[in-house]
**Student:** 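Please find one structure pasted underneath; my questions will follow.
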Protein chains: 2
Amino acid sequence: MQIKKYTDYGLRTLIYLATLPKGRLATINEICAAYEIPRNHLNKVIHQLGKEGFIITRRGKNGGFQLAAEPAEIRLDHVIRRLEGDTPWVNCHSPVCVIEPACELKHILAAGKRVFYDYLASYTLHSLLHKRNELEQIFSTREF
Amino acid sequence: MQIKKYTDYGLRTLIYLATLPKGRLATINEICAAYEIPRNHLNKVIHQLGKEGFIITRRGKNGGFQLAAEPAEIRLDHVIRRLEGDTPWVNCHSPVCVIEPACELKHILAAGKRVFYDYLASYTLHSLLHKRNELEQIFSTREF
DNA sequence: TAAGTACATGCTTTAATAATGCATCTTAAT
DNA sequence: ATTAAGATGCATTATTAAAGCATGTACTTA
Ligand code: SF4
Ligand code: SF4
């Protein structure tokens, strides 16, 4: 019961982008240097962030990516649902559970999952920037 | 992002026990036959359920286990927290995350986790017995 | 228009963890 | 004693996430 690094890397990317001046593009190399995370994995995350419309990517020389919307418009539940994958939190098939037709548990867990995401829906990328100055300072000591 | 089979097996065990007449002991073999799940894994689950005080186990011939309390007294959040392990839903260490001191995200996720378990706290084992008759029928067609 | 740089895409390999298997011990009833 | 039950610890397998690698495609700029 833990979100994937994949998902966290995506959130870290959004946080990084949010600290940049508007219009400024970041690159994959820049992000994985800042966070000391592997380029190959981040590569896939960035790609999905683009597909899902959270960032705008640009190929080629001087390419990179930036936020596709204001931080306050990017909801955490949306981001996490997409990156994490929105499957049930209990697997009642494969293999099939014999009490499935009579089981209330799966409905309760599904409702719990909804409650979790509903809570996250009250936060946006903007909510993650309270310590923006500290974040910028951390990043500034890592770039060159 | 999914609960372990281990946890689900524990919940299934409690459901099974709740359908039995009070005082009647069940055995590991009985449960794994009913659900068609491996004995070795269930073994560990049962053991923990006993350690945590959800069931009372008895060794030796004619041994087995039964619920340690009324179904309405056994809260789902307690059971799942214990069986699932109550660690944070995001791992900010190992490897260490460079923005950890300035990061709000982990607090939000921790709060989301609390919201999830708070929701589960409104349900008990009793809540899982609405279709008790169906459950008993399913089990009765599997024992011998 | 050639060279270079950045994301896109697909496949492979490794690492981490859950799930399962197995052997043996301990306890209790008969 | 024998038998049947859970307790305990270690080994193995299966699943999934994470990371690596190779190459393709788009775009910029000299
Ligand atoms: S017990 Fe309920 S929740 Fe668990 S696998 Fe069976 S049907 Fe799904
Ligand atoms: S970004 Fe925040 S939540 Fe994610 S690993 Fe770093 S400190 Fe933890």
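A quick note: this is a predicted structure, and the numbers were derived from the prediction, not measured. So you know, we letter chains A, B, ... as the sequences are listed, proteins then strands, and number each from 1.
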**Student:** Contacts to DNA chain D from residues 82-96 of chain A, heavy-atom cutoff under 4.0 Å, which residues?
**Tutor:** none
**Student:** In whole Å, what is the span from the CD atom of B:Q2 to the P atom of C:dT17?
**Tutor:**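 These atoms are roughly 17 Å apart.
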**Student:** Can you list every pair that meets salt bridge (Lys or Arg N to Asp or Glu O under 4.0 Å) and has a residue in residues 41-62 of chain B, with sequence neighbours left out?
**Tutor:** B:E52-B:R82
**Student:** Rounded to the nearest angstrom, tell me the gap between atom CD in A:E36 and atom P in D:dA19.
**Tutor:**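 Whole-Å distance recorded here is 13 Å.
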**Student:** Could you give the OH-to-C1' distance, from A:Y6 to D:dT16, as a whole number of Å?
**Tutor:**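 One finds 14 Å between C1' of D:dT16 and OH of A:Y6, rounded.
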**Student:** Closest approach to the side chain of A:P38, judged atom by atom: which nucleotide of D:dG6, D:dA18, D:dG20 is it?
**Tutor:**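 Nucleotide nearest to A:P38's side chain: D:dG20.
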**Student:** Can you list every pair that meets side chain to side chain donor-acceptor pair (under 3.5 Å) and has a residue in residues 93-109 of chain A, with sequence neighbours left out?
**Tutor:**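 Every pair satisfying side chain to side chain donor-acceptor pair (under 3.5 Å) with a residue in residues 93-109 of chain A: A:N91-A:S94.
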**Student:** Quick check on contacts: within residues 43-52 of chain B, what sits under 4.0 Å from DNA chain C by heavy-atom distance?
**Tutor:** B:K44
**Student:** In this structure, how many angstroms lie between the C1' atom of D:dA7 and the CG atom of B:N40, rounded?
**Tutor:** 13 Å
**Student:** Mind checking ring-ring contact (aromatic ring centres under 6.0 Å, His included) for B:F116 and listing every partner two or more places apart, or none if nothing turns up?
**Tutor:** A:W89, B:W89
**Student:** If I take atom CZ in residue A:R39 and atom P in nucleotide D:dC21, what distance separates them, rounded to the nearest angstrom?
**Tutor:**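 Value for this atom pair: 13 Å.
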**Student:** So A:H41 and A:Y6, would you call those rings parallel, tilted or perpendicular, with 30° and 60° as cut-offs?
**Tutor:**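 Because their plane-to-plane angle lies in the 30° to 60° range, the rings of A:H41 and A:Y6 count as tilted.
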**Student:** Tell me whether the side-chain N/O atoms of B:Y9 come closer than 4.0 Å to OP1 or OP2 in C:dA18.
**Tutor:** no
**Student:** Tell me, which pairs form a salt bridge (Lys or Arg N to Asp or Glu O under 4.0 Å) where one or both residues lie in residues 107-125 of chain B, sequence neighbours left out?
**Tutor:**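 Matches after skipping sequence neighbours: B:D86-B:K113.
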**Student:** With sequence neighbours left out, write down each residue that passes salt bridge (Lys or Arg N to Asp or Glu O under 4.0 Å) with B:E134, or none if nothing qualifies.
**Tutor:** none
**Student:** With sequence neighbours excluded, what pairs up with B:E84 under the salt bridge (Lys or Arg N to Asp or Glu O under 4.0 Å) test?
**Tutor:** none
**Student:** Restricting to ring-ring contact (aromatic ring centres under 6.0 Å, His included), what partner residues turn up for B:Y117, sequence neighbours left out?
**Tutor:**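 ring-ring contact (aromatic ring centres under 6.0 Å, His included) list for B:Y117, sorted by chain: empty.
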**Student:** Run the salt bridge (Lys or Arg N to Asp or Glu O under 4.0 Å) test against A:E136 and tell me which residues pass, sequence neighbours left out.
**Tutor:** A:R132
**Student:** Report the distance from atom CD1 of B:I3 to atom P of C:dT17, rounded to the nearest whole Å.
**Tutor:** 19 Å
**Student:** Check DNA chain C against residues 54-71 of chain B and give the residues with a non-hydrogen atom under 4.0 Å, in numerical order.
**Tutor:** B:R59, B:G60, B:K61, B:N62
**Student:** Mapping A:M1 and A:N29 onto DNA chain C by nearest heavy atom, which one lands closer to the 5' end?
**Tutor:** A:N29
**Student:** May I have all residue pairs that pass ring pair (Phe, Tyr, Trp, His ring centres under 6.0 Å) and include part of residues 59-83 of chain B, sequence neighbours excluded?
**Tutor:**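 Listed once each, the pairs would be none.
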**Student:** Does some side-chain heavy atom of A:L14 sit less than 4.5 Å from a side-chain heavy atom of A:L128?
**Tutor:**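 No, their side chains stay 4.5 Å or more apart.
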**Student:** Within this structure, what is the NE2-to-C1' distance between B:H41 and C:dA18, rounded to whole angstrom?
**Tutor:**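 One finds 7 Å between C1' of C:dA18 and NE2 of B:H41, rounded.
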